[in-house]
Amino acid sequence: MEEEGCYEKRRIRITAFLIVVVFTISGIMGGCFFIPNTPQKAVRLTILKNGHPIIALTETPKKVPGGSVYGYSGKRAWQYYKVKTAFDASNGEININTLAVNKPKAGSNFYRVHVVYPVA
């Protein structure tokens, strides 16, 4: 009887330890995955901030060729990145799949992302 209680306590401790380890590793990997020190990571972080974690994790942002950027709002100096799956950019009206990335400001290593819309 006493042995069963001992095994049960041990199993609870092991389970709790494994849960803590999994969440710790997930937090560290997620943090590294979403630090905006590259344009692709900055795009993923923006998609995540707009409430689409699955798209942020599964999509690979691809750079839009230079001649195709004229169809979007924003500056020509920005780099434009596109994902396959369109998502809602927190305005509730337009689903977009293209974002513009601005180079980091002086003294910063983080890219800034701007939501751009197709112009008619």
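Please read all numbers here as calculations on a predicted model, not as lab measurements.
Residues Y70 and R76 come closest through the heavy atom pair CE2-CD, 3.1 Å. Across all non-hydrogen atoms, the minimal contact from Y72 to K82 is OH-NZ, 3.4 Å. Pairing each heavy atom of N102 with each of H114, the nearest pair is CB-NE2, 3.6 Å. Contact detail for S73 and V116: the closest heavy-atom pair is O-CG1, 3.0 Å. When all heavy atoms are compared, the tightest approach of Y80 to A100 is CE2-CB, 3.8 Å.
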Trace of the side-chain contact (heavy atoms from CB on, under 4.5 Å) decision for H52 with D88:
CA-CA 8 Å; H52 304 283; D88 177 30; 4.0 Å; yes

Working for side-chain contact (heavy atoms from CB on, under 4.5 Å), residues Y81 and T98
CA-CA 6 Å; Y81 285 83; T98 306; over 6 Å; no

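A donor-acceptor pair is defined here as one N or O able to donate and one able to accept, closer than 3.5 Å; no such pair exists between the side chain of R44 and the backbone of P61. Listed for the T58 side chain is a donor-acceptor partner under 3.5 Å among the backbone atoms of I54. Under the 3.5 Å distance criterion, the side-chain polar atoms of E59 are matched with a main-chain donor or acceptor of K84. Remark: side-chain polar atoms of R112 are paired, donor with acceptor, to backbone N or O of K103 under 3.5 angstrom.
Interatomic distance, L99 CG to W78 CH2, rounded to the nearest 0.5 Å: 11.0 Å. Between the CZ atom in F110 and the CG atom in L45 there is a gap of 10.0 Å [rounded to 0.5 Å]. Rounded to the nearest 0.5 Å, atoms CD1 (I55) and CG (N97) are 10.0 Å apart. Distance check, rounded to the nearest 0.5 Å: OG1 of T85 to CD1 of I47 gives 8.5 Å.
With sequence neighbours left out, the ring pair (Phe, Tyr, Trp, His ring centres under 6.0 Å) criterion links Y111 to no other residue.
In this structure, I25 is a member of the same hydrophobic cluster as F17, with clusters built from ILVMFWY side-chain heavy atoms closer than 4.5 Å.
The side-chain contact (heavy atoms from CB on, under 4.5 Å) test with F87 is passed by exactly one of T46, N50, N95: N50.
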